[in-house]
Amino acid sequence: MIILPGSQALGTTQIAKVAALLSFLFFLHEYAAGVSAFTPPAAAPSVMTPQSLSFPRDARSSMFLLGASSSINTDSAGEETTNSKPSRAERKARERAKKQNNRTSPAKSTSGNRKGRRPGGDGNNNNNNDRGKEYRLHSTAISKLTATSTAEDVVKAIKRAQNLHDVHDIKNIENFLLEECDETFAYGYRGSLLARLAVAAMHMNNDDLARKAIEVRRTVHRSSMLPLESAAIIRGLLRMHNVSDAIDVLDDELSLPLEGLQPDMPESQECIKHRALSIASIASRSFFEDHPYMGVKAMLWLATLGPIVRESGLTIEELSMPWTRIIQGAAQCESKRRDGTLKSKCPADDDGTKEDDDIELPCNLVFSVLDAMATFPSDNNDRTYEALSNALVRRTLFVTGAVALSGCPEADRGEAAFIGRSNVGKSSLVNMITNRKSLAYTSKRPGKTQQFNFFAVNDKPEREREIKYGDEIKGEKDPDSFNIVDLPGFGFAKVPQQQRQEWSDFFEDYVANRKNLKILFHLVDARHGPIDEDSRIMKQVGDTLPRNVKYVVVLTKADKNVKGPSTKNSGKVARGTLEIVRETMKANGVGNAPVLLTSAETKLGRDDLWRYLRLAAEAKVDVK
Ligand code: GDP
């Protein structure tokens, strides 16, 4: 129970309602202003009752209005005690009477029950009288802010001033809040009003006004600051390209851990959520505004926050992380970086700090987003992964088919090879990760099914001329270019013994001696488990694959495993199958290799596959 000045007792439920209402009003305004990734507090809509929307500024009227919601008992002199809910008309009538009373009894309104008000003083456009100052506004609906104004009046006035870019009004509202009200105004939620005002001021590019409001909120209202407000302020600062102040607010107001609180407590969840969303805003702004170091730094922060997010139990829906937008920003920044048009070239250009010196940019900035995504709960969202694949695979080109190591293209970039018997789902899987409809289809054309097919990923467009016509291509290859190799498997296929042997010899040679091979994906059908040919491949890998090449067993068609196709992205594989796979791997000396569950149907495993493909993209290959 919180005792308000004026001997009024206000239950914690009501305080919570007031807080939620302010948050909701805050949200409404932000929403109206088109702020992205802004979500209302979960509890807010439930308190959208007519009586709570009339926001009193003093404790007496608040008791009157909030008392109407039935659960407040007050023994304060002159106020009735009630448990029955008056009708809306009755409440309105009381409210009008109360306001009228305040207007006609200045002596009363300037005395003890005018909470948070310092009477008198001078200021712009203000009249001194015994009711305190009047802060005149251009608005005709709320033409002035005075002793009787409510928090709702203030919010309305801020909204109008912001939408109409009314500098005069926004200044006077700030004067009213800073000069005329003290911290108890609106039950101590003056801080929320100041936050709302700061956001409006930033929308109007009024830096000074915003700074003052933010500062007072931080120093006077620290204990009642809401994460939602801090996040909105951060977005406002970013809109003004003020990244360093945004980071200050992030560190000061949304820092973790919260002392004495478990991550899954509502207070912690709010803070964690808004910290994550704020960092996401910093990242996407930075990428879109050509600051790759800051963007990557923000992604590193998110990567460390991910495990805490998981611990907090926040759902994907509650978080709604704007991954697609961050990926698009990183992709745009990356393309400028490649073509040399990036404005910010060195760490010091980013935000002037030396701290960025130790940040190494990945070969493609989008990989930093992938790293952060990996630590968060995965939403396996098609749009996100489409953006990811498009950013990581810009171009693909069939280079050549080889039947011997000598026929392979130059080993000048990392290589990822896929092997598996025919019909295991190899084409579908490769197409899924590269977001192409027909990349692997090429290798199915007659004549190409029994050779190692090489595809160049992210090569310069001119490379086609080189391959087709032997033209010499000048300049370096793109830093994230790599090869995908489609290795044929002969399981189930009617292939003469001699050809099988040739293929097997080539595979052995390739696995042991291909210098740029970085990752070998071995595809096994999740429904059937490994067949004899799979065991042979595992044996060869166990015997000959160099230690620096990653070997990963990929179980395909995981959606089909439990009695026919499953629409759910469950990735359930019969226990027995997994055990058999593990046993076969162990028996062939590759027992420690990772096993991934995938489905081209449900897109399960895209992120895991990309994390391994990255090894090929990032590889620095010594051509000599
Ligand atoms: P490949 O011969 O190894 O390249 O295999 P394909 O990719 O051509 O796939 C063989 C068949 O399996 C096709 O009919 C695909 O539609 C089907 N298939 C491939 N991947 C999946 C999957 O993840 N789930 C399901 N249900 N079917 C798949």
Side-chain angles (χ1 to χ4, degrees), residues 378 380-382 385-386 388-389 393 396 398 401-402 416-455 457 483-495 499-500 503-504 507 510 519-538 541 551-574 577-578 581 594-610 612-613:
S378 168
N380 199 28
N381 178 310
D382 273 351
Y385 280 93
E386 204 169 292
L388 186 88
S389 300
V393 180
T396 56
F398 175 70
F418 292 81
I419 188 162
R421 64 161 180 79
S422 58
N423 217 36
V424 71
K426 189 148 39 96
S427 315
S428 311
L429 192 87
V430 171
N431 290 337
M432 170 178 89
I433 42 182
T434 55
N435 199 34
R436 296 290 191 283
K437 286 205 169 64
S438 58
L439 174 72
Y441 172 76
T442 320
S443 59
K444 287 194 151 187
R445 287 204 305 244
K448 298 199 170 180
T449 48
Q450 288 155 24
Q451 56 187 15
F452 286 25
N453 291 307
F454 289 80
F455 299 87
V457 179
N483 288 336
I484 283 181
V485 193
D486 182 358
L487 308 185
F490 290 137
F492 295 164
K494 289 190 180 120
V495 179
Q499 197 175 359
R500 258 179 211 276
W503 176 85
S504 182
F507 179 66
Y510 175 82
I519 169 97
L520 177 64
F521 292 107
H522 178 182
L523 278 56
V524 175
D525 194 319
R527 294 168 302 172
H528 313 303
I531 56 169
D532 286 352
E533 187 189 332
D534 291 317
S535 299
R536 274 198 297 276
I537 292 171
M538 287 178 189
V541 167
Y551 169 71
V552 178
V553 173
V554 179
L555 297 185
T556 59
K557 308 186 190 181
D559 60 291
K560 268 187 164 181
N561 194 257
V562 205
K563 285 186 186 165
S566 147
T567 48
K568 274 191 267 157
N569 186 17
S570 56
K572 277 184 201 153
V573 167
T577 315
L578 254 184
V581 171
V595 179
L596 299 184
L597 283 185
T598 67
S599 162
E601 204 63 34
T602 65
K603 312 280 196 279
L604 175 73
R606 287 184 280 201
D607 41 356
D608 289 329
L609 287 163
W610 259 114
Y612 286 109
L613 262 188

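Position 1 is the first residue of the sequence, and the numbers go up from there. Counting starts at 1 for both ligands and their atoms, following the listed order.
The Gly425 neighbourhood of ligand 1 comprises atoms 1 (P), 3 (O), 5 (O), 6 (P), 7 (O), 9 (O), 19 (C), with distances under 4.0 Å to a heavy atom of that residue. The ligand atoms of ligand 1 that sit less than 4.0 angstrom from a heavy atom of Asp559 are 22 (C), 23 (O), 24 (N), 25 (C), 26 (N). Proximity to Ser428 (heavy-atom distance under 4.0 Å) selects the following atoms of ligand 1: 6 (P), 7 (O), 9 (O), 19 (C), 20 (N).
By the 3.5 Å distance cut-off applied to N or O atoms, Lys426 is counted among the residues near ligand 1. In terms of N/O distances under 3.5 Å, ligand 1 is not approached by Ala558. Close N/O approach between Lys557 and ligand 1 is found [any backbone or side-chain N/O within under 3.5 Å].
Annotation: side-chain hydrogen bond (donor to acceptor under 3.5 Å, both in side chains) contacts of Asn381 (sequence neighbours excluded): none.
For Tyr385 and Asn435, the side-chain atoms include no donor-acceptor pair closer than 3.5 Å.
Look at Arg421 and Asp534 and you find no salt bridge, because none of the NZ, NE, NH1 or NH2 atoms lies under 4.0 Å from a carboxylate O. Salt-bridge annotation for Asp382 and Arg606: present, with a side-chain N of the basic residue lying under 4.0 Å from a carboxylate O of the acidic one.
Under the 30°/60° scheme for interplanar angles, the aromatic rings of Phe521 and Phe418 are found to lie parallel.
Within the set Leu555, Asn423, Asn431, the minimum heavy-atom distance to atom 2 (O) of ligand 1 is found for Asn423.
The shortest heavy-atom distance from Thr556 to ligand 1 is not under 4.0 Å.
For the pair Ile419/Phe507, a side-chain contact is recorded, criterion being any heavy-atom separation below 4.5 Å from C-beta on.
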